[in-house]
Amino acid sequence: MSWLSHIPKVHRLNINKLITLKKIIILILAIYYSALLQAQQQLTKDQQEVHQTVINFFGALSNRDSVGLKNNCTVDILLFETGSVWNADTLILKAVTLNTAKDFKRINSFDFINTTVADNTAWVTYNLSSEITRNGKQATVQWMETVIVIKEKQKWKIKVLHSTLIKRN
């Protein structure tokens with residue numbers, strides 16, 4: 001005996017209609033969201049390479065690798081970091097030379113928002129979240145950043161990085 005048998009026939013019809021309506025709504029939503037996912041643009045080869053340059057730059061920063069940093073930026077890079085203007089030497093001094101914590105660890109996560117490539121120039125905006133361990137203390141830092149990347153000798157390099165601190169805890 002079904003649980004519906006205790007309900008008057010008039011109400012059973014309404015319940016069945018509601019169940020059918022719910023199924024239709026779920027189907028429509030599934031189709032809508034799958035269409036949205038399909039509509040997302042695939043990244044071009046240049047956009048992928050530009051993203052990889054940004055990821056490599058911060059990977060070198062995480063590894064305290066001054067050679068890797070220099071390989072992913074132009075010689076005249078400018079970094080606008082929380083109201084200060086840095087060059088490559090300033091970055092290397094602060095992030096590599098003076099960073100002597102034996103337990104230092106940095107894990108970066110990126111959410112690329114917009115990437116535009118025009119000839120040999122690209123600009124990228126992304127959110128960066130870094131889990132940083134230093135001297136036994138852990139912190140999560142979040143930034144919104146925009147970089148200008150140029151192609152030098154067939155390799156993308158960061159020329160300008162503007163960083164806005166969003167949250168630090």
Side-chain angles (χ1 to χ4, degrees), residues 29-30 32-169:
L29 287 174
Y32 174 75
Y33 283 113
S34 67
L36 276 181
L37 292 174
Q38 294 297 322
Q40 289 181 350
Q41 276 187 333
Q42 293 295 323
L43 295 176
T44 66
K45 181 178 181 261
D46 280 336
Q47 288 173 319
Q48 290 173 11
E49 289 175 358
V50 167
H51 287 189
Q52 195 58 54
T53 299
V54 172
I55 293 166
N56 292 345
F57 178 84
F58 283 97
L61 191 63
S62 296
N63 293 327
R64 298 186 278 196
D65 174 9
S66 58
V67 174
L69 280 169
K70 287 183 177 183
N71 284 338
N72 288 286
C73 66
T74 62
V75 203
D76 59 346
I77 186 174
L78 285 177
L79 299 107
F80 300 95
E81 182 73 32
T82 319
S84 299
V85 181
W86 297 358
N87 60 21
D89 293 335
T90 309
L91 177 64
I92 289 169
L93 176 68
K94 291 181 180 269
V96 177
T97 308
L98 297 177
N99 184 1
T100 58
K102 295 201 184 307
D103 66 341
F104 177 78
K105 184 177 180 181
R106 176 176 171 155
I107 300 170
N108 304 303
S109 300
F110 297 90
D111 176 21
F112 290 97
I113 299 168
N114 186 52
T115 304
T116 303
V117 177
D119 298 323
N120 289 327
T121 304
W123 48 101
V124 184
T125 303
Y126 54 90
N127 289 312
L128 168 61
S129 179
S130 298
E131 300 289 329
I132 301 170
T133 302
R134 180 184 341 209
N135 298 322
K137 296 179 184 172
Q138 292 184 343
T140 301
V141 187
Q142 297 172 334
W143 299 268
M144 176 179 268
E145 299 184 331
T146 298
V147 294
I148 298 172
V149 186
I150 63 168
K151 204 171 214 181
E152 287 184 345
K153 299 179 183 173
Q154 303 306 310
K155 183 173 177 2
W156 290 102
K157 295 189 173 206
I158 297 172
K159 183 166 182 66
V160 176
L161 187 153
H162 182 268
S163 181
T164 301
L165 179 65
I166 302 296
K167 185 178 177 185
R168 179 188 307 262
N169 64 7

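These numbers were taken from a predicted model, which means no experiment stands behind them.
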Side-chain donor or acceptor of Gln142 paired with backbone N/O of Ser129 under 3.5 Å: no
To the nearest 0.5 Å, how far apart are CG in Leu161 and CG in Leu78? 10.5 Å
Using distance alone, with no hydrogens and no angle criterion, decide if Asn56 and Thr53 have a side-chain donor and acceptor under 3.5 Å apart. no
Considering only residues two or more places apart or on different chains, which pairs with a residue in residues 160-169 satisfy side chain to side chain donor-acceptor pair (under 3.5 Å)? Glu145-Ser163
Within-4.5 Å side-chain heavy-atom neighbours: Val147 and Trp123: no
With the side chain counted from C-beta on, respond yes when Thr90 and Leu79 share a heavy-atom pair under 4.5 Å apart, and no when they do not. no
Which pairs pass salt bridge (charged side-chain N to carboxylate O under 4.0 Å, His left out) with one or both residues in residues 147-163, sequence neighbours excluded? Asp46-Lys151, Asp76-Lys159
Within-4.5 Å side-chain heavy-atom neighbours: Glu81 and Leu165: no
Tightest non-hydrogen contact, residues Ala60 and Gly68, listed as CB-C, 3.6 Å
Validation row: Leu91, Leu61 side chains within 4.5 angstrom (heavy atoms): yes
Using the side-chain contact (heavy atoms from CB on, under 4.5 Å) rule, take Gln138 and Ile132 through it: C-alpha gap first, then chi angles, then the decisive distance, then the call. CA-CA 6 Å; Gln138 292 184 343; Ile132 301 170; over 6 Å; no
Just to verify, what does Ser109 make a side-chain hydrogen bond (donor to acceptor under 3.5 Å, both in side chains) with, not counting sequence neighbours? none
Pairwise salt bridge (charged side-chain N to carboxylate O under 4.0 Å, His left out) hits with a residue in residues 117-139, at least two apart: none
Any pair with a residue in residues 125-151 that passes ring pair (Phe, Tyr, Trp, His ring centres under 6.0 Å), sequence neighbours left out, goes on the list, sorted by first then second residue, please. Phe110-Tyr126, Phe112-Tyr126
Are any non-hydrogen side-chain atoms of Asn108 and Ser62 less than 4.5 angstrom apart? yes
Side chains of Ile92 and Leu69: does their closest heavy-atom pair fall under 4.5 Å? yes
Pairs involving residues 97-108, ordered by first then second residue, that meet salt bridge (charged side-chain N to carboxylate O under 4.0 Å, His left out) (sequence neighbours left out): none
Can you confirm whether Phe104 sits close enough to Thr133 that some side-chain heavy atom of one is under 4.5 Å from a side-chain heavy atom of the other? no
State which residues pass side-chain hydrogen bond (donor to acceptor under 3.5 Å, both in side chains) with Thr97; sequence neighbours excluded, sorted by chain then number. none
Side chain to side chain contact (heavy atoms under 4.5 Å, CB included) with Val67: which residues, sequence neighbours excluded? Asp65, Asn71
Using side-chain heavy atoms (C-beta onward) and a distance below 4.5 Å, is Ile158 in contact with Asn72? no
Verdict with reasoning, Val117 to Trp156, per side-chain contact (heavy atoms from CB on, under 4.5 Å): CA-CA 11 Å; Val117 177; Trp156 290 102; 3.9 Å; yes
The reported gap from CG in Asn87 to CG in Leu93 (rounded to nearest 0.5 angstrom) is 10.0 Å
With sequence neighbours excluded, tell me which residues meet side-chain hydrogen bond (donor to acceptor under 3.5 Å, both in side chains) with Trp86. none
Pairs satisfying salt bridge (charged side-chain N to carboxylate O under 4.0 Å, His left out), at least one member in residues 49-64, at least two apart: Lys45-Glu49
For Ala88, give me all partners under side chain to side chain contact (heavy atoms under 4.5 Å, CB included), at least two apart in sequence or on another chain. Ile77
Going by the rule side-chain hydrogen bond (donor to acceptor under 3.5 Å, both in side chains), which residues pair with Thr121 if we only count those two or more places apart in sequence or in a different chain? none
